[in-house]
Amino acid sequence: MLDDFKTHVSNNFPELLKGPFLLACSGGVDSVVLAHLCSSANMDFSLAHCNFNLRGSASDGDELFVRELAQKLNRPIYVTHFNTTGYVQKNKVSVQVAARELRYAWFKEIMSEHGLGILVTAHHADDNLETFLINLSRGAGIDGLTGIPVKSNNVYRPLLKYSREQILEYAQKNAIQWREDESNKDTKYLRNKIRLNIIPKLKELHPTFLHNFNNTQKYLNQTQAIAKNELENIKGRLFVEENGIIKIPVNELKKLKPLEAYLYGLLSDYGFTEWNNVLGLLDAISGKQVHSENFVLLKDRNYLILSRMDDTENLEYTIEEGTSCIQSPVQLEFSVVEEKKENVKNVIFLDKNTLKYPLKLRKWKKGDYFYPLGFHGKKKLSKYFKDEKMNLLAKEAQWLLCSDDEIVWVIGKRADDRFKIKDSTTKILRVALKI
């Protein structure tokens, strides 16, 4: 297995041969064998062990074993202790989820602190089969059935092609010792139940079941690659980005069949989960929205508008007198000039003496009105937006320059008549929007 492992790493994980990496080691046979293989292949790595304090003296025994393994292999080791039970109670998650979140957060810290770019874990082919069956039982789509990725971001899994049987055989042939976790025999956990009760029966049905499954996974991944390529082509054709938002023509979306599958493929990366609501947007009235954690999808006449959630709605910025420019949330330049020129879309001229400092920069709110330059009388901002045919996202993204709480400029759109240059004006302030 060692020679095959060396070839496998050289062909598929050459980065592991170039520099130091972190190897997650629980003390179980999988991670211990991986540590021995990497050591025998003269790789540069450190061990990382998490003591979750869930099994009393057994947890402490695992820690001691891994410390001794690091000493035997002459490798650096990092160890941490977690109050896993407290984390479970505080965050209302399962023990398995808690352990995963805790360890990966800690791995990230260690890697950042010590300049380690890659984390190596000991997931193997049987782990992949277990994950497949768990996801299958929960009704997963192709993303859930393609299994554990060989590489995901900076996490590498070089044992994924090997079975549990091959790993055990290597350990026994080379007199490698490891620790047994008794909780792995507890069938109250779904993964253990699948491992102990279901997979052995599947392997009885066909001696090469795991090999056949690996081939199936390969075919599924190939199919997924084709699907992703198709979806990227459709995005390139239908997703039109304008000023930080994406417009998607509804009529073109409706031509895609099966529609639900295409909507999932095109929009799942943005965190949407309420697919019936997303589908309903296609025939909804303008203004209807669906939200994910970070994005909003809006129906606007013949388009779906995709945009990041705006977290600046309630923010207010002040601009002191004498300020020459600001960079955020919009870029504005302020200068006192000798003569007025015509106001244009992105440049206005104001009677400086009519302004009350500090000026304010804010989003619009219900009830806002202003006196549009060149228009007789006042106008509600909501009516102005409607007349300008601004969609909901454009309205939410609009910034206002205000004096006290009076609107001076709907930035990039229209100035207010109350602050215009008059014959009596002695100081002219030029304000320019930089795009």
Side-chain angles (χ1 to χ4, degrees), residues 1-26 28-48 69 73 75-76 100 103-104 107-108 110-112 114-135 140 142-171 173-174 176 178 199 208-229 232:
M1 182 178 175
L2 177 58
D3 289 338
D4 184 81
F5 177 77
K6 289 179 179 179
T7 302
H8 176 53
V9 168
S10 180
N11 291 338
N12 300 288
F13 304 90
E15 302 92 337
L16 300 184
L17 302 174
K18 296 177 182 177
F21 57 87
L22 191 67
L23 192 155
C25 185
S26 66
V29 64
D30 310 326
S31 58
V32 171
V33 164
L34 178 59
H36 276 275
L37 287 168
C38 290
S39 179
S40 297
N42 296 316
M43 297 183 194
D44 184 4
F45 65 95
S46 303
L47 294 179
L69 174 66
L73 299 179
R75 300 293 169 180
R100 176 180 174 80
R103 68 176 177 267
Y104 277 98
F107 291 153
K108 186 175 181 180
I110 291 295
M111 294 168 69
S112 176
H114 296 278
L116 302 171
I118 297 173
L119 172 68
V120 171
T121 68
H123 292 92
H124 51 72
D126 287 80
D127 289 326
N128 213 0
L129 176 56
E130 292 163 13
T131 299
F132 174 89
L133 293 172
I134 289 170
N135 290 339
I142 192 168
D143 286 345
L145 300 181
T146 49
I148 303 170
V150 173
K151 296 178 184 179
S152 53
N153 298 321
N154 62 344
V155 182
Y156 288 18
R157 303 174 179 92
L159 287 188
L160 209 53
K161 66 171 284 193
Y162 301 104
S163 68
R164 179 177 285 114
E165 184 180 354
Q166 288 174 291
I167 293 168
L168 282 169
E169 182 181 353
Y170 182 82
K173 277 187 177 181
N174 293 275
I176 294 173
W178 68 88
I199 290 179
T208 59
F209 182 86
L210 187 59
H211 174 76
N212 296 342
F213 165 73
N214 287 338
N215 283 335
T216 298
Q217 285 261 285
K218 181 176 71 175
Y219 303 145
L220 284 172
N221 276 281
Q222 291 170 348
T223 301
Q224 185 187 45
I226 294 170
K228 283 186 174 181
N229 187 57
E232 287 304 314

(request) Check step by step if side chain to side chain contact (heavy atoms under 4.5 Å, CB included) holds for Cys38 and Leu23. (result) CA-CA 9 Å; Cys38 290; Leu23 192 155; 4.0 Å; yes
(message) Please identify which of these residues, Met111, Met43, Glu15, meets the side chain to side chain contact (heavy atoms under 4.5 Å, CB included) condition with Phe21.
(response) Met43
Would a distance-only check, ignoring hydrogens and angles, find a side-chain to backbone donor-acceptor pair under 3.5 Å from [X] to [Y]?
X: Thr223; Y: Tyr219; value: yes
X: His114; Y: Leu116; value: no
X: Ser40; Y: His36; value: yes
X: Thr131; Y: Asp127; value: yes
X: Glu169; Y: Met1; value: no
X: Glu232; Y: Asn229; value: no
X: Thr208; Y: His211; value: no
X: Asn221; Y: Thr146; value: yes

(message) With a 4.0 Å cut-off on N to O distance, would you call Glu130 and Arg164 a salt bridge?
(response) yes
(request) Output all residues satisfying salt bridge (Lys or Arg N to Asp or Glu O under 4.0 Å) with Asp4, sequence neighbours left out; order by chain, then residue number. (result) Lys161
(request) Apply ring pair (Phe, Tyr, Trp, His ring centres under 6.0 Å) to Phe5 and list each qualifying residue two or more places apart in sequence or on a separate chain. (result) none
Atom of [X], atom of [Y] and distance for their closest heavy-atom approach:
X: Thr121; Y: Arg157; result: OG1-CG, 3.3 Å
X: Ile167; Y: Val29; result: CG2-O, 4.1 Å
X: Cys25; Y: Leu69; result: SG-CD2, 4.0 Å

(message) Quick check with a 6.0 Å cut-off and a 45 degree axis cone: is Arg100 positioned over the face of Tyr104's six-membered ring?
(response) yes
(request) Quick one: list whatever passes side-chain hydrogen bond (donor to acceptor under 3.5 Å, both in side chains) with Arg75, sequence neighbours left out. (result) none
